[in-house]
Amino acid sequence: MSTIRPFRAVRPKAELAASIAALPYDVYSTSEAREVIAEEPLSFLRIDRPETQFPENTDPYSDIVYKKAREILDGMIADGSFIQDENPCFYIYALTMDGRTQNGIVGCASVDDYLNHVILRHENTLEEKETDRIRHVSACSAQTGPIFLTYRPRTELKKIIASVKRSPCLYDFTASDQVRHQVWRIDQKSEIENISHIFSDISRLYIADGHHRAASAVKAGLRKRAENPDFSGDEEYNYFLSVLFPSDELHIYDYNRCVLDMNGYTTESFLDKIKNEFDIALSGQKPFRPSRKGEFGFYCSGVWYRLCAENVPDDVGPVKSLDVSILQDRILGPVFGIRNPKSDPRIRFVGGIRGLEALKKMADSYGGAAFSMYPTSMEELLAVADAGMLMPPKSTWFEPKLRSGLFIHRF
């Protein structure tokens with residue numbers, strides 16, 4: 001059973017929410033973050049990417065950088081840019097993109113639920129990225145970026161959300177990428193207890209996005225436990241900031257692949273190599289977007305082809321049946337020699353939100369090849385997590401992205 005509890009959010013005062021809210025820290029390079037901050041001086045990236053507050057040659061992992069994040073956060077609380085609710089609350093966070101709305105409940109998930117596999121993951125994490133966020137969380141004594149969790153839909157929660165959304169918003173703004181962000185507060189004791197009770201009856205939660213933030217929040221919490229051996233379990237560091245969405249409201253985009261060279265193959269010799277594994281059809285110069293599972297687009301030298309995987313067994317399990325696994329096992333590994341896509345410098349990953357023209361442009365710039373993918377489904381993600389397994393790298397791309405800076409959980 002899962003534990004989700006309310007918290008006293010540190011959050012922007014209403015008139016500053018749109019200026020402060022920022023995309024997650026790992027969406028940007030340092031130079032890109034500097035550009036955003038130059039255009040919007042209040043951007044939360046000042047806190048999430050504090051190296052931007054120093055000269056360009058500054059080590060982003062030096063102690064002074066993490067101290068700066070804490071300094072800016074404390075300063076914004078002191079000057080009233082951030083306020084804190086007096087009592088623990090839940091919040092509704094709705095994001096609307098392209099006419100589709102997803103409604104999340106903002107609260108704090110349990111470190112123990114993560115450790116005991118009530119909260120399931122589907123990706124591995126990298127120690128270097130974990131270490132960075134552990135230091136950031138510890139320096140700020142706060143989680144500044146929410147973990148994107150999902151759960152199988154519950155009618156009772158949908159009814160509560162619909163009811164709360166009939167009340168006035170705390171925030172309502174449309175960001176520069178045309179995503180609308182709306183926030184409501186739930187501060188009635190009966191509603192808070194009801195939400196907590198419903199989640200206590202949900203046996204599994206799933207990390208949709210934010211695996212590194214989740215792992216870092218948990219490890220930072222465990223450090224605090226080690227420093228306080230008489231901890232009760234009720235301390236705020238035993239919980240981490242989360243937004244929980246029902247799985248039927250989420251949308252996964254394709255996560256496409258670009259191989260930077262042809263590994264000695266011509267287009268013709270490559271197609272001949274894979275002809276026993278795929279049905280191959282010429283598509284032409286227009287980008288080919290797969291319309292069903294098992295279908296891939298292949299692009300090289302100005303021409304697109306449709307590839308359809310053949311002879312895929314039904315009993316290979318939830319990971320091997322993924323399209324990203326089929327591409328890896330049948331083409332990227334054996335043909336292009338990319339055995340470890342997580343570390344091989346010859347492969348790039350292009351989120352579907354950028355479009356197939358961006359994929360084509362990258363392949364052309366390197367003289368390589370591109371593969372357009374059919375998106376992984378939510379049911380595939382849940383099945384992999386339920387089986388206690390992990391997906392290959394870059395299997396899912398969620399949009400819209402949650403904004404950082406709208407909710408901060410201090411401990």
Side-chain angles (χ1 to χ4, degrees), residues 10 20-77 82 111 114-115 121 123-148 207 209-228 236-237 239-242 340-345 347-349 351 393-394 401-411:
V10 173
I20 290 174
L23 287 166
Y25 76 97
D26 52 358
V27 170
Y28 300 102
S29 65
T30 299
S31 61
E32 290 170 336
R34 290 182 188 276
E35 292 174 4
V36 172
I37 294 168
E39 293 182 7
E40 181 44 78
L42 289 178
S43 172
F44 198 74
L45 286 172
R46 294 190 305 152
I47 295 170
D48 258 357
R49 299 296 297 260
E51 73 272 18
T52 58
Q53 307 304 297
F54 296 91
E56 292 189 7
N57 61 350
T58 303
D59 178 4
Y61 306 116
S62 60
D63 288 342
I64 59 170
V65 169
Y66 297 101
K67 289 179 181 178
K68 175 61 73 172
R70 175 63 177 263
E71 177 186 315
I72 297 172
L73 176 59
D74 287 348
M76 294 182 73
I77 293 172
F82 284 113
V111 165
Y114 182 95
L115 297 173
R121 60 193 181 104
E123 287 183 4
N124 266 323
T125 54
L126 300 175
E127 184 177 357
E128 180 182 355
K129 292 184 69 175
E130 280 188 22
T131 300
D132 167 52
R133 285 301 101 175
I134 291 170
R135 294 180 68 189
H136 190 276
V137 167
S138 298
C140 292
S141 292
Q143 295 133 13
T144 59
I147 314 308
F148 186 162
I207 300 175
D209 202 5
H211 283 76
H212 287 92
R213 292 193 293 277
S216 301
V218 168
K219 290 182 178 179
L222 293 178
R223 282 188 178 182
K224 293 290 287 186
R225 287 182 176 184
E227 295 167 1
N228 300 275
E236 290 296 331
Y237 57 75
Y239 298 85
F240 57 90
L241 178 62
S242 304
N340 186 351
K342 183 186 295 186
S343 59
D344 198 304
I347 190 169
R348 299 287 187 274
F349 303 91
K394 311 297 184 183
K401 301 290 185 188
L402 310 185
R403 266 24 179 208
S404 295
L406 291 178
F407 311 96
I408 299 169
H409 175 230
R410 301 205 83 180
F411 56 85

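Start at 1 with the first residue, then count along the sequence. What you see is a predicted model, and the numbers here were worked out from it, not measured in a lab.
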Minimum-distance pair of heavy atoms, taken over all atoms of L406 and A21
CD2-CB, 3.8 Å
When rounded to the nearest 0.5 Å, the distance separating CD1 of I207 from OG of S242 is 8.5 Å
If the condition is side-chain hydrogen bond (donor to acceptor under 3.5 Å, both in side chains), which residues does H212 pass it with, not counting sequence neighbours?
none
Run the ring-ring contact (aromatic ring centres under 6.0 Å, His included) test against F148 and tell me which residues pass, sequence neighbours left out.
F245, F398
Candidate pair L45 and R34, rule side chain to side chain contact (heavy atoms under 4.5 Å, CB included), full reasoning
CA-CA 8 Å; L45 286 172; R34 290 182 188 276; over 6 Å; no
Listed partners of T144 passing side-chain hydrogen bond (donor to acceptor under 3.5 Å, both in side chains), at least two apart:
D48
Distance only, no hydrogens: is a donor on one side chain within 3.5 Å (strictly under) of an acceptor on the other, for T58 and E51?
no
Looking only at heavy atoms, which two atoms of P393 and F349 are closest? And how far apart?
O-CE2, 4.4 Å
Set of side-chain contact (heavy atoms from CB on, under 4.5 Å) partners for N57, sequence neighbours left out:
P55
Contacts of T131 that satisfy side-chain contact (heavy atoms from CB on, under 4.5 Å) - sequence neighbours left out:
E127, R135
With S29, which residues qualify under side-chain hydrogen bond (donor to acceptor under 3.5 Å, both in side chains), at least two apart?
S31, E32
Nearest 0.5 Å, please: how far is NZ in K224 from OH in Y237?
7.0 Å
Do you see a donor-acceptor pair shorter than 3.5 Å between the side chains of S141 and R410?
no
